[in-house]
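Here the structure comes first, spelled out in structure tokens, and everything after it is commentary.
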Amino acid sequence: MRTAYSVETVRAAERELMARLPEGALMQRAAAGLAAVCAGLLTRRRGRVYGARVALLVGPGDNGGDALYAGARLARRGAGVTAVPMDPERLHAGGLAALRAAGGRLAQAVPDRPDLVVDGLLGIGGRGGLRPAAAALAGQIPQGVPVVAVDLPSGIDADTGEVAGPAVTADVTVTFGAYKPGLLIDPGASAAGAVHLVDIGLQLPAPEAEALQHADVARLLPVPTASSDKYRRGVVGILAGSAQYPGAAVLAVAGALRGGAGAVRYAGPAAEAVLARYPETLIGRGRVQAWVAGPGLGEGRAGEVAELLAQDVPVLVDADGLRGLDAGLLRARTAPTLLTPHAGEAAALLGVPRESVEAGRLAAARALAERYGAAVLLKGSTTLVASGRAASGGGRPVRVNPTGTSWLATAGSGDVLSGLAGSLLAAGLSGADAGAVAAYLHGLAGRLVAGAGAPVLAHEVAEALPAAWRDVRTP
Ligand SMILES: NC(=O)C1=CN([C@@H]2O[C@H](COP(=O)(O)OP(=O)(O)OC[C@H]3O[C@@H](n4cnc5c(N)ncnc54)[C@H](O)[C@@H]3O)[C@@H](O)[C@H]2O)[C@@H](O)CC1
Ligand SMILES: [K+]
């Protein structure tokens with residue numbers, strides 16, 4: 001599990017630790033970790049640190065201080081280090097002195113053809129997109145040169161991953177003490193590249209966000225035992241599809257069949273299409289351990305969805321099922337509920353413009369979970385899963401899905417996801433766990449299909465799910 005902490009939490013932990021350590025000790029730990037990653041990168045690229053040309057982009061705060069001290073360490077190993085300040089009047093004094101003492105120099109512009117650029121413009125003290133002086137420096141980063149960001153890429157919001165203007169795109173980010181949510185959530189996550197965490201000894205409370213990894217998912221997957229039968233493994237019911245959208249039913253069933261439930265039951269007008277593709281499907285209503293309601297239902301089916309929500313079984317509501325949901329009805333439920341909106345559906349549920357959901361995905365997922373008393377899987381370039389309350393796995397950090405590819409933004413992909421997550425609900429996972437595991441497997445399957453980069457069809461994602469399971473379960 002990778003856990004991420006808000007700026008406020010990190011600052012509090014830093015204050016607490018700093019009070020017990022000699023002045024500057026934390027920054028030295030940070031700089032040592034940063035220099036080690038830079039040295040490793042230079043050694044891999046050119047065989048040694050000695051003689052490498054390193055450009056430091058240096059901002060006015062402690063993030064710049066980290067860069068200067070790390071630059072000093074690299075200079076002592078024989079690198080030619082040039083620091084380019086955002087504002088020459090505001091530079092970390094100790095860091096500058098250390099760099100100078102080690103033979104580094106100051107310049108007004110990024111030198112030609114560096115081997116490495118270190119982005120020490122802004123860290124957790126940055127607010128909003130880069131202002132002009134910082135943006136101008138970031139604009140000087142030559143194409144094709146590896147960029148190592150100090151703590152986080154300058155210009156991304158540490159708490160949310162939002163980018164309010166120009167920002168640095170890094171190949172590697174060396175972050176200190178703890179991941180920040182913005183390193184796990186897009187667009188920040190994409191801007192960060194590969195993230196190295198340097199332990200500086202912080203004592204941290206409960207995280208703000210967390211990202212599952214293979215081992216976490218493997219632990220949650222419902223794996224049959226010798227005593228399992230199809231009913232004990234769970235039956236998932238699918239209320240999906242319409243004369244207009246029969247394909248949604250087929251795709252939701254496809255996802256559900258590969259989600260770990262023992263059987264899939266389909267209720268709706270697309271039974272013929274479903275059976276033609278998946279003869280293993282049970283048809284018609286009957287006892288289930290979870291329902292998936294919504295994909296491709298079309299209009300005027302809210303009554304059927306409400307009927308399922310009135311039952312004391314876990315229900316996943318997606319797509320058309322999300323229209324006009326009654327928050328009171330959902331809050332009164334005792335069985336787990338999982339909502340799986342995309343940004344537009346989330347905006348309608350919250351009664352806010354779509355842009356505000358897109359600009360603040362973390363807050364939107366939390367607000368939805370709170371208002372509807374349900375686990376919420378907010379789809380998007382980084383899928384988030386917020387817990388509602390105890391029955392849905394509530395009061396936990398927001399789960400940030402680390403898998404996926406933008407090729408998954410394709411018709412029918414969400415139907416596969418909802419079937420898959422519903423199947424996991426039927427197998428006994430909580431709303432939040434079912435959502436997080438489904439998003440993880442779905443994202444992995446999408447990557448397997450997209451390979452190095454090719455269009456992905458939703459049914460291929462469903463077909464790649466067994467390979468995603470195997471990948472996750474391979475130690
Ligand atoms: N506090 C600590 O104990 C440690 C802090 N460390 C480093 O310190 C960093 C935080 O340092 P600071 O609090 O000094 O903050 P920053 O170094 O992030 O810089 C904040 C300053 O940048 C300017 N600024 C803010 N937003 C801007 C924008 N959009 N465009 C241009 N300028 C902007 C402001 O003048 C502000 O004072 C961390 O990210 C980390 O790199 C590490 O050394 C580890 C220890
Ligand atoms: K930075």
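Here, residue 1 is the first one in the sequence, and each next residue gets the next number. It should be emphasised that the depicted structure is a prediction, and the values quoted were computed from it without experimental measurement. Atoms within each ligand, like the ligands themselves, are counted from 1 in listed order.
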Within a radius of less than 6.0 Å around CD of Gln140, do more than 12 heavy atoms belonging to other residues, nucleotides or ligands occur?
-> yes
Would you say Thr9's side chain and Tyr5's backbone share a donor-acceptor pair under 3.5 angstrom?
-> no
Could you check atom 24 (N) of ligand 1 against the protein and tell me its nearest heavy-atom contact, residue, atom and distance included?
-> Leu122 CD2, 3.5 Å
Per-atom contacts of ligand 1 with Asp151, taking only distances under 4.0 Å to non-hydrogen atoms = 38 (C), 39 (O), 40 (C), 41 (O)
All salt bridge (Lys or Arg N to Asp or Glu O under 4.0 Å) counterparts of Glu210, not counting sequence neighbours | Arg399
Judged by heavy atoms only, the candidate from Asp66, Asp87, Val58 nearest atom 6 (N) of ligand 1 is Asp66
Based purely on interatomic distance, does Ile124 place a nitrogen or oxygen under 3.5 Å from a nitrogen or oxygen of ligand 1?
-> yes
Quick check: does Gly120 put an N/O/S atom under 3.4 Å from the K ion (ligand 2)?
-> no
Check whether any side-chain heavy atom of Val110 sits under 4.5 Å from a side-chain heavy atom of Pro142, and report yes or no.
-> yes
Got a sec, which pairs hit salt bridge (charged side-chain N to carboxylate O under 4.0 Å, His left out) with one end in residues 17-27, sequence neighbours left out?
-> Glu16-Arg20
Take every heavy atom of Gly59, measure it against each atom of ligand 1, and state whether any distance is under 4.0 Å.
-> no
Arg331 side-chain N/O to Glu370 backbone N/O, donor-acceptor pair under 3.5 Å | yes
Contact with ligand 1 for Arg90, non-hydrogen, under 4.0 angstrom = yes
Determine whether any heavy atom of Arg15 lies closer than 4.0 Å to an atom of ligand 1.
-> no
Got the closest protein heavy atom to atom 14 (O) of ligand 1, with its distance?
-> Asp62 N, 2.8 Å
Please determine if the K ion (ligand 2) has an N/O/S atom from Leu122 lying under 3.4 Å away.
-> yes
Taking the K ion (ligand 2) as the vertex, what is the angle from OG of Ser154 to O of Leu152, given to 10 degrees?
-> 100°
Among side-chain atoms of Asp415 and Ser413, is any donor-acceptor pair under 3.5 angstrom?
-> no
Whether Asn63 has an N, O or S atom under 3.4 Å from the K ion (ligand 2) | yes
Do Ser6 and Lys180 get their side chains close enough for a donor-acceptor pair, meaning under 3.5 Å?
-> no
Run the numbers for me: atoms of ligand 1, each under 4.0 Å from some heavy atom of Met18, listed by number.
-> 1 (N), 2 (C), 3 (O)
Write the atom name of the N, O or S atom in Asp119 that is nearest the K ion (ligand 2).
-> O
Mode of Arg11 contact toward ligand 1 - side chain, backbone, both, neither (heavy atoms, under 4.0 Å) = side chain
Give yes or no for whether the N/O distance cutoff of 3.5 Å, strictly under, is met between Ala134 and ligand 1.
-> no
Polar atom proximity, Gly129 to ligand 1 (N or O, under 3.5 Å) | yes
Return yes if some donor-acceptor pair links the side-chain N/O of Asp186 with the main-chain N/O of Ser190 below 3.5 Å, else return no.
-> yes
Filtering Pro166, Gly125, Gly126 for the heavy atom nearest atom 36 (C) of ligand 1 leaves Gly125
Are any side-chain N or O atoms of Asp157 and backbone N or O atoms of Val163, one a donor and one an acceptor, separated by less than 3.5 Å?
-> no
Check each heavy atom of Arg131 against ligand 1 and say whether those closer than 4.0 Å belong to the side chain, the backbone, both or neither.
-> both
Is the distance between the K ion (ligand 2) and the nearest N/O/S atom of Val150 smaller than 3.4 Å?
-> yes
N-O pairing of Asp115 and Arg46 below 4.0 Å = yes
Using distance alone, determine whether Ile200 and ligand 1 share an N or O pair under 3.5 Å.
-> no
Where ligand 1 meets Met86 - atom numbers and elements under 4.0 angstrom, heavy-atom basis = 31 (C), 32 (N)
Confirm or rule out an N/O/S atom of Asp151, from backbone or side chain, lying less than 3.4 Å from the K ion (ligand 2).
-> no
Logged contact type for Pro60 with ligand 1, heavy-atom cut-off 4.0 Å, is side chain
